[in-house]
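The structure under discussion appears below in the form of structure tokens.
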Amino acid sequence: MAHSVRRDAPELPDFSLLKRLARDQLIYLLEQQHDVDKLYKVEYKPILYRTVRGCFLYPLTKWFPFPDVVNADKAFGRFRRYKIIFSPQKFYACENLLEEQGIFGDVTTDEWSFYLLPLDDDIISLELPEFFRDNFLEGDQRWVRTAGSALHLLHSVYGPFSKVYGIGRCSKMAYESWREQVEEGEQRARQAEIGNVFLIDRDVDLVTPLCSQVVYEGLVDDIFRIKCGCVEFGPDVTSSDKSIKVMLNSQDKVFNEIRNEHFSQVFGFLSQKARNLQTAYDKRSGMDIKQMKTFVSEELKGLKQEHRLLSLHIGASESMMKKKTKQDFQELLKTEHSLLEGFEIRECISYIEEHINRQVSMVESMRLLCLLSLTENGLLPKDYRSLKAQFLQSYGIEHLLTFSNLKQLGLLVEQQPGETLTVMESRVGKLVNDKTAGKLTDAFSSLAKKSNFRALGRRLNLVPKSDEEYDLRVPRDMAYIFSGAYIPLSCKLIEQVLERDGWTGLEEVTRMLNGHEFAVTDARVKTDSQRIILVMFLGGCTFSEISALRFLGREKGLKFIVVTTAITNSARLLESMLDNHA
């Protein structure tokens, strides 16, 4: 089942170096702390320790409880020296809080610049799930420099980059932050391992992460939640009374062959794999002693490992099939595809209403509402009011603030009375083209964001014609990741820009996406690594998009490296919008 790779496909860089750099820096920081006998991770619960010197490793979020630790010690007459190591970076606000709490003199601080966590050969994560809400909803840009620093680290180790493309306000700021760091640092001549870079904001394409994932890895993430490349399979998968944690990466040979496949094709592959494995075991029956000894020493261990992995993935597939059958997954996909294609919208609204009234799943109902709004360029006022009222009645009035968050981000909005899609599109286009207008205000940016999916779909051919039969066994384009119904906008933009070597010819598209596009070429850099492309998603990336880029790479003889602030999906994205998210 694994797709054939073109013989001229380039080799990916070795990203294990990033882990070694992070490890060595942490060891250096810890070696500076004499008399420290234990490292603590700051948590809600009290910390009991007997030493006079404490070292705390603190993953930086908005919740900062460390002053409580110090004050609790003082209340019991315990006076100690404290060291806080912030990761991935230290902010002025943290030291300011220590000073406000009157404990700044008791504490020394440092920074562990652990920006990048390689999850696989071609996936690197900043592990900043809060990036999306902080930046795009709350306007908190503190993580932009972190993204710039991550890019600078990649440039220092695997660059220099010859071309950088991007789209989105955050991407532009991250690029500028990276360039500032490059200019401040020392330049070294070396052989580049990465040729081109593409930066993209998550809010450039909000439709894709709201679509149900149907490639194997994406479906596993939707149902079991993959965290830092690891998933926990419960007893329903392991066929025992125990759960098991499994690393999902290219080292798992079974997983590596099915991770990018449409789920409908996975069972056939696993069945054939099981038959092949049984054949390999059966050949022992005719062996003599010497052959048996060779078999045991060279093959048996590998066969047992493959058998264990095969059993897990068969169990996971069966579990997912049961859950999706229970949810009437096919009817759900049919509704999604109708929304993407713009057909039978009243029937889709009826389905969503039924979903809400049956209280099937709050996040799922919210996802369908947002997908309806994004694809229909906002809801008609009467539909918006009716669906909102039904949602609040089913799931609770406390979600009223969540609707405000969704509206602010352009995920769920109400069409303005008397305005049609054509009028809205032309008005936004005129605003963007008006040189005297200057920068768009946030209000007009939101308007443009909510009014262009259909136009973008036609311009970029995102939605293949539904009357054409799509063979999922032999995918013809990236639409296979959504059963042939939709090519992800994010990946289509990347494909088009790489083909055109820039944004020329895509002016209409960038206008509809609110601009902020850029393309920079460093003529001084001569590299043979043009076919290695690093794509950085600011705000999260789905496994479906990664599968689509892998497909594109195989078709074009390219290799894509995906760097993302976090792995996301519809549930994670929408849960970050909840009013009680903090």
Side-chain angles (χ1 to χ4, degrees), residues 1 209-226 231-241 243-244 246 248 254-255 257-274 309-341 344 347-369 371-372 394-395 466 469-473 475 479-486 542-544 547 569-572 574-575:
M1 174 174 275
L210 291 178
C211 294
S212 293
Q213 301 193 85
V214 288
V215 292
Y216 183 76
E217 188 168 15
L219 201 52
V220 170
D221 186 43
D222 277 354
I223 294 178
F224 298 104
R225 293 286 183 109
I226 299 173
V231 67
E232 183 171 354
F233 289 135
D236 59 324
V237 172
T238 62
S239 299
S240 67
D241 57 350
S243 297
I244 183 172
V246 181
L248 295 180
V254 176
F255 172 72
E257 291 193 75
I258 61 176
R259 66 191 311 180
N260 304 309
E261 299 299 327
H262 191 278
F263 188 63
S264 64
Q265 306 301 304
V266 170
F267 268 114
F269 169 80
L270 294 177
S271 297
Q272 183 60 51
K273 196 80 172 174
L309 294 173
L310 186 60
S311 296
L312 277 176
H313 291 295
I314 289 175
S317 298
E318 290 175 340
S319 176
M320 290 190 292
M321 181 66 76
K322 289 177 184 177
K323 289 175 182 177
K324 290 304 181 184
T325 301
K326 187 177 180 180
Q327 295 174 359
D328 199 0
F329 193 48
Q330 291 305 316
E331 188 66 25
L332 177 65
L333 289 180
K334 180 182 175 183
T335 301
E336 286 185 32
H337 294 174
S338 294
L339 290 174
L340 292 166
E341 295 166 4
E344 301 177 337
E347 287 82 353
C348 292
I349 291 176
S350 296
Y351 177 87
I352 295 171
E353 287 179 323
E354 181 185 356
H355 206 276
I356 292 171
N357 295 328
R358 288 169 52 207
Q359 299 181 329
V360 177
S361 162
M362 188 269 290
V363 173
E364 275 289 285
S365 295
M366 190 184 298
R367 179 178 74 85
L368 291 171
L369 284 174
L371 198 57
L372 171 66
S394 285
Y395 302 111
S466 57
E469 188 68 27
Y470 199 99
D471 188 352
L472 293 170
R473 294 170 300 179
Y480 90 93
I481 67 165
F482 294 123
S483 305
Y486 166 65
T542 66
F543 282 117
S544 292
S547 292
N569 58 23
S570 60
R572 292 190 187 97
L574 292 173
E575 285 166 2

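Everything numeric here is computed off the predicted structure, so don't read it as measured data.
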CG of Asp328 to OG1 of Thr335, rounded to nearest 0.5 Å, is 9.0 Å
Side-chain contact test, heavy atoms from C-beta onward, threshold under 4.5 Å: evaluate it for His337 versus Ser483 and give yes or no. yes
Closest contact, heavy atoms only, Ser365 versus Tyr395: OG-OH, 2.8 Å
With a 4.5 Å limit on heavy-atom distance, are the side chains of Glu217 and Glu261 in contact? no
Which atom of Leu368 lies closest to which atom of Leu339, heavy atoms considered: O-CD1, 4.4 Å
Take Tyr480 and Asp471, measure what side chain to side chain contact (heavy atoms under 4.5 Å, CB included) needs, and give me the verdict at the end. CA-CA 8 Å; Tyr480 90 93; Asp471 188 352; over 6 Å; no
Flag the pair Ser394 / Asn357 as yes when at least one side-chain heavy-atom distance between them is below 4.5 Å, and no otherwise. yes
d(Leu574 CG, Met366 CE) to nearest 0.5 Å is 6.0 Å
Check: Leu332 and Glu364 side chains under 4.5 Å, non-hydrogen atoms: yes
Electrostatic pair Arg225-Glu232, nearest N-O below 4.0 angstrom: no
Show me, pair by pair, the donor-acceptor contacts under 3.5 angstrom made by side chains of residues 317-324, not counting sequence neighbours?
{"from": "Ser317", "atom 1": "OG", "to": "His313", "atom 2": "O", "distance (Å)": "2.8"}
{"from": "Ser319", "atom 1": "OG", "to": "Asp236", "atom 2": "OD2", "distance (Å)": "2.6"}
{"from": "Lys324", "atom 1": "NZ", "to": "Gln327", "atom 2": "OE1", "distance (Å)": "3.4"}

On a heavy-atom basis, which atom in Tyr470 and which in Ala479 lie closest, and how many Å separate them? OH-C, 4.0 Å
Does Arg367 come within less than 4.0 Å of Glu336, counting only side-chain N to carboxylate O? yes
Cationic N near anionic O, under 4.0 Å, Arg572 to Glu575: no
Heavy-atom side-chain proximity of Val214 to Leu219 below 4.5 angstrom: no
CG/Leu371 to OG/Ser570 distance, rounded to the nearest 0.5 angstrom? 9.5 Å
Distance-only donor-acceptor check, side chains Thr238 and Ser240, under 3.5 Å: yes
I want to check something: taking the side chain as every heavy atom from C-beta on, are Ile244 and Val237 in contact at a cut-off of under 4.5 Å? no
Show your reasoning for whether side chain to side chain contact (heavy atoms under 4.5 Å, CB included) applies to Cys211 and Leu340. CA-CA 9 Å; Cys211 294; Leu340 292 166; 4.3 Å; yes
Would you say the side chain of Met362 lies within less than 4.5 Å of the side chain of Ile356, judging by non-hydrogen atoms? no
For Tyr216 and Phe543, what are the C-alpha separation, side-chain angles and deciding distance, and is it a side chain to side chain contact (heavy atoms under 4.5 Å, CB included)? CA-CA 9 Å; Tyr216 183 76; Phe543 282 117; over 6 Å; no
Compare all side-chain heavy atoms of Phe233 with those of Ser243 and state whether any distance is below 4.5 angstrom. no
Ser338 and Glu344: which non-hydrogen atoms are nearest, and at how many Å? OG-OE1, 4.0 Å
Reported CD-to-CG distance for the pair Gln213 and Asp222, which is rounded to 0.5 angstrom: 4.5 Å
Check the pair Asn260 / Val215 against side chain to side chain contact (heavy atoms under 4.5 Å, CB included), numbers first and verdict last. CA-CA 6 Å; Asn260 304 309; Val215 292; 5.8 Å; no
CD1 on Ile352 to CG on Leu372, rounded to 0.5 Å: 4.5 Å
Distance col, row Thr542:OG1 vs Asn569:CG, nearest 0.5 angstrom, shows 8.5 Å
